[in-house]
Peer 1: 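Once you've had a glance at the structure underneath, I'll fire off some questions.
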Amino acid sequence: MTYRYIGVQKRKEYFEIPWASLRAMVEPSFGERSVINHRDYLTNGRLVTSSAINVTETEVLTAEGRLIAYDYLVIATGHTDSFPKTRTERLKEYQAEYEKINSAHSILIVGGGPTGVELAGEIAVDCPDKNLTLVHDGSRLLEFIGPKAADKTLNWLTSKKVEVKLEQSVRLDDISDGGKTYLTSDGDILKADCHFLCTGKPLGSLWLRGTNLKNNLDNHGRLMVDENLRVKGRKNVFAIGDITDVPEIKQGYLAQKHALVAAKNLKLLMEGEKESKLAKYQPSSVKAIVSLGRRDAVAQLSFTTVIGSVPGMIKSRDLFVGKTRKKLGLEIKL
């Protein structure tokens, strides 16, 4: 029997290793390895580059009005973000961001989650001459992990002469002096040649609210899934990544684990195996490695929290790009 299955993705012609994107902002050539055209690894499949706008029991409707039939559906729309359509355009964005950083004397980063912290680390290490300020509205950095990791990270950033302002926000709709003067919620005036917004982005589930899956969304807009990563109440619809209600932190390496379980279960179902044979996903406890430049990182593990070159050797030097490319059947180095 021939099956039809489609994964609903964002309107991009390429796959981007998300945790590597910040390195590409200070080293644009890094993006040559971390931004990968889908056709380079999807050699035995059909790629439709479009936004999905509706789902029925048997078909997906695209923004161009195209109906695509499916036997199995995987929804992996993550968070809403604005990216160019082509790989070439994305690489040009990295070059523009690099030039923006390189030409600035002072830089403001808004947001102290993993994205803001990792960007601050990349810039602080590669461009130590920049006056770098990070503003975060929380009481500590990296609130998704423990306070020890947050304290160690704050000390590391401070040692790199990054000014960190906690429990403050920045009024980005009230920028003056040609875009170089910023006002915080405490009334502080900050001077910066440019800024980068590194706050959370909304889930990519708004399009589902008008579909037959609308009742499968929880109050936060996440798709409710069972232990097999199928949307609850659906036999042939899976969801993976940040869009799910799996009770764990939302990180790229966990989305990869979701994908492995979903792929295994799809294969079993297509082979006619019994439901009892399906793989079960076990939510992970809080474990995280946050890069701090090219050599260091802070790691919260189940038994300890460490910072420095040891966790840096695990992640920061290559940011798992080589490992990810290998999994996709691509050359590790270009």
Side-chain angles (χ1 to χ4, degrees), residues 7 9-43 45 47 49 76-102 109 111 113-127 196-198 200-201 204 240-242 249-260 288-299 311-334:
Q9 297 270 345
K10 296 177 181 178
R11 191 174 180 272
K12 300 189 301 183
E13 296 178 354
Y14 55 92
F15 164 68
E16 181 170 11
I17 302 172
W19 54 86
S21 61
L22 304 174
R23 177 69 51 80
M25 291 171 64
V26 297
E27 183 188 344
S29 60
F30 197 76
E32 296 285 347
R33 296 173 60 231
S34 63
V35 182
I36 305 161
N37 279 320
H38 289 307
R39 63 175 178 269
D40 290 343
Y41 67 90
L42 191 63
T43 57
L47 176 65
T49 306
T77 45
H79 284 82
T80 300
D81 212 336
S82 177
F83 289 107
K85 182 177 180 179
T86 70
R87 178 178 183 270
T88 298
E89 291 170 336
R90 183 60 171 140
L91 294 178
K92 286 182 179 178
E93 275 195 348
Y94 283 143
Q95 183 64 37
E97 288 165 339
Y98 166 77
E99 292 172 2
K100 178 180 174 181
I101 292 170
N102 199 45
I109 295 174
T115 301
V117 167
E118 290 197 346
L119 179 58
E122 294 289 347
I123 296 175
V125 168
D126 271 36
C127 311
F196 293 95
L197 182 61
C198 299
K201 297 177 175 62
I240 60 174
D242 292 359
I249 59 175
K250 305 301 182 182
Q251 289 199 300
Y253 81 96
L254 293 177
Q256 287 184 326
K257 289 186 175 182
H258 292 190
L260 292 175
I289 302 180
V290 177
S291 292
L292 299 172
R294 295 175 180 269
R295 296 184 179 275
D296 294 338
V298 58
M313 289 179 65
I314 298 173
K315 178 182 179 182
S316 300
R317 294 190 179 182
D318 190 55
L319 298 174
F320 302 133
V321 170
K323 184 177 180 180
T324 303
R325 290 182 62 87
K326 184 178 180 180
K327 286 182 177 179
L328 293 174
L330 302 173
E331 291 183 15
I332 295 176
K333 296 287 187 180
L334 289 180

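Any value given below was found using the heavy atoms of this structure, including those in side chains, with hydrogens, waters and symmetry copies removed.
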Peer 1: In Å, rounded to the nearest 0.5 Å, how long is the span from OG of Ser21 to CZ of Phe30?
Peer 2: 10.0 Å
Peer 1: Salt bridge or not for Glu13 and Arg87, using N-O below 4.0 Å?
Peer 2: no
Peer 1: Taking all heavy atoms of Val290 and all of Pro114, pick out the closest pair and write down the distance.
Peer 2: CG1-O, 4.4 Å
Peer 1: Do Leu292 and Val117 have side chains that get closer than 4.5 Å, going by heavy atoms?
Peer 2: yes
Peer 1: Establish, from distance only, whether the side-chain atoms of Ser29 and Glu32 form a donor-acceptor pair under 3.5 Å.
Peer 2: no
Peer 1: How far does OG1 of Thr324 sit from OH of Tyr41, to the nearest 0.5 angstrom?
Peer 2: 11.5 Å
Peer 1: Work out which heavy atom in Pro311 is nearest to a heavy atom in Ala299; give both atom names and the distance.
Peer 2: CB-CB, 3.7 Å
Peer 1: Just verifying a value: how many Å separate Leu254 CG and Ile240 CD1, rounded to the nearest 0.5 Å?
Peer 2: 12.0 Å
Peer 1: Going by heavy atoms in the side chains, are Tyr14 and Ile36 under 4.5 Å from each other?
Peer 2: no
Peer 1: How close do Gly293 and Ser316 get, counting heavy atoms only, and between which atoms?
Peer 2: O-CB, 3.4 Å
Peer 1: When you measure from the side chain of Lys315 to the backbone N and O of Ile289, does any donor-acceptor pair fall under 3.5 Å?
Peer 2: yes
Peer 1: Could you tell me whether Asp318 and Arg33 make a salt bridge, using a distance below 4.0 angstrom between a side-chain N and a carboxylate O?
Peer 2: yes
Peer 1: Checking Thr77 side chain against Gly204 main chain: does a donor-acceptor pair fall under 3.5 Å?
Peer 2: yes
Peer 1: Give a yes or no on whether a salt bridge exists between Glu89 and Lys92, defined as a side-chain N under 4.0 angstrom from a carboxylate O.
Peer 2: no
Peer 1: Any side-chain heavy atom of Phe196 within less than 4.5 Å of one from Lys100?
Peer 2: yes
Peer 1: What are the two closest non-hydrogen atoms of Tyr98 and Pro28, and how far apart are they?
Peer 2: CB-CG, 3.5 Å
Peer 1: Can you confirm if the NZ or CZ of Lys327 lies within 45° of the ring axis of Phe320 and under 6.0 Å from the centre of its six-membered ring?
Peer 2: no
Peer 1: So how far is it from Glu331 CD to Asp40 CG, rounded to the nearest 0.5 Å?
Peer 2: 11.0 Å
Peer 1: CZ of Phe15: more than 12 outside heavy atoms within 6.0 angstrom?
Peer 2: yes
Peer 1: If you look at every heavy atom in Arg317 and Arg295, which pair is closest and at what distance?
Peer 2: NH2-NH1, 3.7 Å
Peer 1: Let me confirm one number: the CD1-CD distance from Ile109 to Glu118, rounded to the nearest 0.5 Å.
Peer 2: 11.0 Å
Peer 1: Rounded to the nearest 0.5 Å, what separation is found between the OG atom of Ser291 and the CD1 atom of Ile314?
Peer 2: 10.5 Å
Peer 1: Evaluate the side-chain proximity of Arg23 to Arg294: yes if any heavy-atom separation is below 4.5 Å, no if none is.
Peer 2: yes
Peer 1: Can you name the closest pair of heavy atoms from Ile101 and Cys127 and give their distance?
Peer 2: CG2-SG, 4.1 Å
